[in-house]
Amino acid sequence: MMKSVTGYNGTYRKIMEMCKSQKPYGTNRKRRKFCRLNKSKSNLKIVRASRQYMYDDSNAEYLDCINSVAHVGHCHPVVVDALSYALSSNVTVCGWEIDHGNLQYTTRLKQTFPSHFDTILFCNSGSEAVDLSVQIAKLYTCGADVVVVDNAFHGSLDSVFPLSRKVSREEVEWVHVIPLPDLYRGTYQSDDPEAVEKYLTDSHEKIGKAQRNGKKIACFIAEPMLTIPGIILPPSTWLQKMYIMIRESGGLCIADEVQTGLGRVGSHFWSFQAQNVVPDIIIIGKPLGNGYPMAAVVTSRDIAAVLGDRIKEYQCTTAMDAVGCAVLDITERDQLMNMASNVGEFLLDQLNNLKKKHEYIGDVRGKGLLFGIEIVWSKHSKKPSQEIAEQIVHRMKEENILLANEGFCRNILMLIPPMCFSIENAMTFTQKLDKALTELPTTNIVNDLITGLPTISVGSETRDVRLGIFQPQEEDEDDITSSLQDNMDQEHAQHCYQDLD
Ligand code: PMP
């Protein structure tokens, strides 16, 4: 029986799950060997950073295309000065009724939201904000269950880990996973005019089944633009209809704006606005503080009231006030949202040209300074190629450009740079990507690297003559599984991407 490897439920999922479930790699010797094989090609010793650039210990400059946390640019002097002054003048103890003088950040941040978002609760990390928002939703609705999108990531605290399907595949009875509305690679694709409705129907069935089993939905949490699963821009109306469905089930809608907020999508300050929805609760993360550990839960007074006196624990500190205001000042003064829009349009154009030229680019999607480039073995097969994506990331690093391969199959090149990323940077990026893609067939790196990667014996294999990479064939899932079990010793487990991070 032939099964597709291009769908999320296919062979690749099995392979990745098996990789992830492997035990730690035993001896230190093995672990060191793994590090040498994989890291020697990729290790960078970054010693300083400024704006959209990072510098290694030999002072080589790298264009940073992945560090969304450094929102207004690495080590921005206005942020550094503001934080340094705040830390040296007054350190706040939260939970006490203390007058800290003229703190402005809460008021200024509120102004970026529709007016009924009148309550902001400050936290130290996105994970803590997700945890708090789910607590609030549970208290407000008296429900206990959470609906999440497949392959999403919402943090790694124990309480929110089961919501992060990217890293936790464990089935948990209070978490209901709905399909990722991915029209390129998902179960229903863009050639199906009913695709969006089918995704919604599947979600409706999932929620209905939970309710029939006596479950009560507390909330639905999703990024309005699904960054972490591979920069999936939800099809129009999908999120609106999901919100209606969740509210009909009695739950609250939570928008995770950790990656997508503060003007990153170019057209709007918050990405939920670009999707024409109004969440009940919004979560913002580390870009708020340009990397300083601060995050927030934004909601209405009515909803936040369920916390009672605990609200006091989530005050803005003087340091958060200083750094948060500095980030907003720079975002406004340098018109970073506008810039994201202009650079984003330019990039989309350039990347679509590259897509026409290169067989390995299956899809390009993005908005503002948020792009995903899906790397495939061929446009026709759509088979995801982690192998080629990894070669590109390595080649780009050699060209002094830092890029990441993400997504379930690790085949999506992710571009989510500091917001000062310029048109000139975009030109450099596309030129180097073009070069990397053009040179892939002949470069020695490919063969060198392949030596360090596990080969998967799945019966018949084809050697990709262009790259010298073994391209897995579509096979019976059971054959692959048993064959993999035989072959997947500790060396194979090295390929588990969590350990490459
Ligand atoms: N949500 C999303 C979408 C994220 O990308 C992250 C972090 N990458 C988090 C939540 C968790 O944030 P933190 O790392 O600050 O805990």
Side-chain angles (χ1 to χ4, degrees), residues 64-71 120-137 146-168 175 177-178 180 219-234 239 253-265 270-272 274-275 279 281-299 314 317 319-320 323-324 327 366-372 402 404-408 410 412 414-419 497-498 500-501:
D64 179 1
C65 298
I66 43 179
N67 212 317
S68 60
V69 165
H71 192 74
I120 303 190
L121 308 168
F122 287 93
C123 305
N124 296 109
S125 71
S127 303
E128 188 193 353
V130 172
D131 171 287
L132 180 61
S133 68
V134 174
Q135 283 188 57
I136 293 173
V146 183
V147 178
V148 293
V149 181
D150 204 4
N151 296 326
F153 182 81
H154 298 292
S156 41
L157 283 179
D158 194 37
S159 56
V160 299
F161 195 63
L163 308 179
S164 297
R165 294 283 297 175
K166 178 189 168 187
V167 287
S168 163
V175 176
V177 184
I178 62 161
L180 183 66
C219 59
F220 166 54
I221 178 165
E223 293 183 280
M225 295 204 181
L226 302 151
T227 313
I228 299 293
I231 321 276
I232 311 290
L233 305 186
L239 197 60
C253 299
I254 303 176
D256 183 338
E257 293 271 6
V258 169
Q259 296 285 346
T260 50
L262 292 172
R264 176 163 295 279
V265 298
W270 302 105
S271 69
F272 70 82
Q275 291 294 316
I281 304 177
I282 299 151
I283 288 152
I284 334 170
K286 289 188 186 116
L288 276 185
N290 216 39
Y292 176 74
M294 61 187 281
V297 171
V298 185
T299 188
Y314 302 102
T317 66
M320 287 175 180
V323 74
V327 169
K367 188 167 163 51
L369 282 177
L370 196 63
F371 276 94
L402 303 181
N405 54 307
E406 282 291 338
F408 186 77
R410 300 288 285 199
I412 299 163
M414 191 184 269
L415 185 85
I416 175 163
M419 292 278 283
Y497 72 76
Q498 281 174 323
L500 289 169
D501 285 340

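Atoms within each ligand, like the ligands themselves, are counted from 1 in listed order. One-based numbering along the sequence shown. Please read all numbers here as calculations on a predicted model, not as lab measurements.
- Residues T260 and W270 have side chains not in contact (no heavy-atom distance under 4.5 Å, counting atoms from C-beta outward).
- Distance from atom 1 (N) of ligand 1 to its nearest protein heavy atom, with residue and atom name: D256 OD2, 2.7 Å.
- Neither the backbone nor the side chain of E128 has any atom closer than 4.0 Å to an atom of ligand 1 (non-hydrogen atoms only).
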Worksheet item: Between I136 and L121, does a side-chain contact (heavy atoms from CB on, under 4.5 Å) hold up when you go through it step by step?
Response: CA-CA 11 Å; I136 293 173; L121 308 168; 3.8 Å; yes
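- Of the inter-residue distances, the one linking I232 atom CD1 with I412 atom CD1 reads 5.5 Å to the nearest 0.5 angstrom.
- Rounded to the nearest 0.5 Å, atoms OG (S164) and CZ (F153) are 4.5 Å apart.
- With respect to S271, the side-chain contact (heavy atoms from CB on, under 4.5 Å) criterion is satisfied by exactly one of D256, L262, L370, V265: V265.
- Note that the CD atom of Q135 and the SG atom of C219 stand 11.5 Å from one another [nearest 0.5 Å].
- The shortest contact between atom 12 (O) of ligand 1 and any protein heavy atom is with G126 CA, 3.3 Å.
- Below 3.5 Å of separation, one finds no N or O of V130 facing any N or O of ligand 1.
- Remark: Q259 pairs with S68 by the side chain to side chain donor-acceptor pair (under 3.5 Å) rule, at least two apart or across chains.
- Nearest to atom 8 (N) of ligand 1 among the protein's heavy atoms is Q259 NE2, 3.7 Å.
- Within the listing of ligand 1, atoms 10 (C), 11 (C) sit less than 4.0 angstrom from a heavy atom of G155.
- Nearest protein heavy-atom contact of atom 7 (C) of ligand 1 is F153 CE2, 3.8 Å.
- Checked by distance only, ligand 1 and H154 stay at 3.5 Å or farther apart across all their nitrogen or oxygen atoms.
- Residue contacts with ligand 1, taken as heavy atom pairs separated by less than 4.0 Å, do not involve I283 at all.
- With respect to the salt-bridge test (charged N to carboxylate O, under 4.0 angstrom), the residues R264 and E257 do not qualify.
- Considering OG of S133 and CD1 of I283, their distance stands at 3.5 Å, rounded to 0.5 Å.
- Distance from atom 4 (C) of ligand 1 to its nearest protein heavy atom, with residue and atom name: V258 CG1, 3.7 Å.
- Short contacts between ligand 1 and K286, defined as distances under 4.0 Å to a heavy atom of the residue, involve ligand atoms 13 (P), 14 (O), 15 (O).
- The distance from ligand 1 to the heavy atoms of S127 drops below 4.0 Å at these ligand atoms: 11 (C), 12 (O), 13 (P), 16 (O).
- Residue S125 approaches ligand 1 through these ligand atoms, each under 4.0 Å from one of its heavy atoms: 15 (O), 16 (O).
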